[in-house]
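Below: the structure, in structure tokens.
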Amino acid sequence: MDIVYNIVLVLHFVGLAMLLGAFLVQLNSKEKNVTRWMFDGAMTQLLTGLIMVGMLESGAMGESEEVNHIKIGIKLVIVIVVAILAAVGRRRQQPQPTLWLLIGLLALANVVIAVFV
Ligand code: HEM
């Protein structure tokens, strides 16, 4: 089961790269757009995150593996907000600097929470 979990974790990092990469690549651009990479990245984070939580909670990874519910709860709320902002931003006429910044900061906040909480 470890190999499956690790593959999902790698995909979790791919989703992170899609989301944060779409934000960072525009730091030097004059126009800040909300791109589909942001929504797809958030969805990848959500799906892979839920799969990992499911595997940990089910005991498939061994009884010693515990899930930090507070941390996961905060990450879950943030990623849903990011996905909504990305979906709304994509429908609006570009550029969308405020939404672009909010999405980037929230994604960054989730990295900080993942590492420090
Ligand atoms: C923008 C959204 C997200 C970002 C940037 C993010 C970031 C990260 C990072 C950097 C890690 C590796 C660090 C570590 O293992 O402590 C990680 C691990 C993990 N994430 Fe996420 N994550 C996001 C969303 C989610 C969501 C929505 C869930 C669950 C519903 C989730 C569940 C997990 C789990 C289970 C791990 C494995 C390690 C652990 O127990 O913390 N993540 N995430």
Side-chain angles (χ1 to χ4, degrees):
M1 238 11 181
D2 278 14
I3 178 79
V4 179
Y5 184 88
N6 288 341
I7 290 170
V8 180
L9 184 58
V10 169
L11 292 175
H12 201 61
F13 285 121
V14 171
L16 169 58
M18 286 161 70
L19 176 55
L20 211 53
F23 167 74
L24 292 174
V25 79
Q26 296 185 67
L27 272 178
N28 276 341
S29 312
K30 273 202 196 116
E31 296 195 339
K32 319 290 191 198
N33 300 331
V34 174
T35 69
R36 63 167 286 201
W37 289 104
M38 293 173 162
F39 182 77
D40 291 351
M43 282 301 156
T44 306
Q45 292 300 88
L46 180 61
L47 189 68
T48 53
L50 287 175
I51 293 172
M52 284 191 290
V53 171
M55 291 182 78
L56 293 169
E57 292 280 11
S58 69
M61 306 303 300
E63 295 303 322
S64 58
E65 297 288 345
E66 286 192 6
V67 178
N68 182 339
H69 290 112
I70 296 173
K71 171 168 146 177
I72 294 301
I74 298 171
K75 284 175 69 177
L76 191 58
V77 170
I78 290 181
V79 89
I80 289 170
V81 172
V82 168
I84 292 170
L85 293 179
V88 169
R90 279 290 289 151
R91 283 162 189 259
R92 294 198 181 156
Q93 203 181 350
Q94 305 300 320
Q96 288 291 338
T98 310
L99 286 176
W100 166 83
L101 183 64
L102 266 176
I103 290 168
L105 291 181
L106 287 172
L108 216 54
N110 251 4
V111 177
V112 172
I113 290 163
V115 174
F116 285 99
V117 176

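Quick note: residue numbers are just sequence positions, from 1. Read the numbers this way: they start at 1 and go in the same order the structure lists the ligands and their atoms. Hydrogens, waters and symmetry mates play no part in the numbers below; they use all other heavy atoms, side chains included.
Side-chain contact between Asp40 and Thr35: absent, with no pair of heavy atoms (C-beta onward) separated by less than 4.5 Å. Here the side chains of Leu56 and Tyr5 are in contact, with some heavy-atom distance below 4.5 Å. Looking at heavy atoms from C-beta onward, Met43 lies out of side-chain contact with Met18 at the 4.5 angstrom threshold. Put simply, the side chain of Leu47 does not reach to within 4.5 Å of the side chain of Val8, judged on heavy atoms. Contact check for Gln45 versus Val82: no side-chain heavy atoms found under the 4.5 Å cut-off. Side chains of Ile74 and Val117 form no contact here, defined as non-hydrogen atoms less than 4.5 Å apart. Looking only at side-chain heavy atoms (C-beta outward), Phe116 and Val111 stay at 4.5 Å or farther from each other. Contact of the Leu101 side chain with the Lys32 side chain is not registered, since no non-hydrogen atoms from C-beta on lie closer than 4.5 Å.
Closest protein heavy atom to atom 1 (C) of ligand 1: Asn110 ND2, 3.3 Å. Protein heavy atom in closest approach to atom 38 (C) of ligand 1: Tyr5 OH, 4.1 Å. In terms of protein heavy atoms, atom 27 (C) of ligand 1 is closest to Val79 CG1, 3.5 Å. In terms of protein heavy-atom proximity, atom 12 (C) of ligand 1 is nearest to Phe13 CZ, 3.6 Å.
To the nearest 10 degrees, atom 21 (Fe) of ligand 1 sees NZ of Lys75 and NE2 of His12 at an angle of 170°.
Side chain of Glu63 to backbone of Gly59: no donor-acceptor contact under 3.5 angstrom is found.
Every atom of ligand 1 is numbered from 1 in the order shown, and the set under 4.0 Å from a heavy atom of Leu19 is 1 (C). Taking every non-hydrogen atom of Val111 and a distance limit under 4.0 Å, the qualifying atoms of ligand 1 come out as 5 (C).
Residue contacts with ligand 1 do not include Phe116, since none of its heavy atoms lies under 4.0 Å from the ligand. Contact annotation: Leu76 has at least one heavy atom less than 4.0 Å from an atom of ligand 1. Residue contacts with ligand 1 include Lys71, since one or more of its heavy atoms lies under 4.0 Å from the ligand. Using a 4.0 Å cutoff on heavy atoms, Leu50 counts as a contact of ligand 1.
Looking at Asn68, Leu56, Val77, Ile51, it is Leu56 that brings a heavy atom closest to atom 40 (O) of ligand 1. Ranked by closest heavy atom to atom 32 (C) of ligand 1, the top entry among Val112, Ile72, Val67, Ile78 is Ile72. For atom 6 (C) of ligand 1, the choice among Met52, Gln45, Glu66 with the nearest heavy atom turns out to be Gln45. Of the candidates Ala42, Gly49, Ala17, it is Gly49 that places a heavy atom closest to atom 29 (C) of ligand 1.
No more than 12 heavy atoms of other residues, nucleotides or ligands lie within 6.0 Å of CD1 in Ile70, so this atom counts as exposed by the packing criterion.
By the definition of a contact as any protein heavy atom under 4.0 Å away, atom 15 (O) of ligand 1 is not in contact.
At a 4.0 Å heavy-atom cut-off, ligand 1 touches Ala107 through the backbone alone.
On a distance-only criterion, Ala114 and ligand 1 share at least one N/O pair closer than 3.5 Å.
Here the NZ atom belonging to Lys71 is positioned 10.5 Å from the CG atom belonging to Asn110, to the nearest 0.5 angstrom. In this structure, the separation between CD1 on Ile78 and CD1 on Ile103 is 13.5 Å, given to the nearest 0.5 Å.
Atom 21 (Fe) of ligand 1 has no N, O or S atom of Leu16 closer than 2.8 Å.
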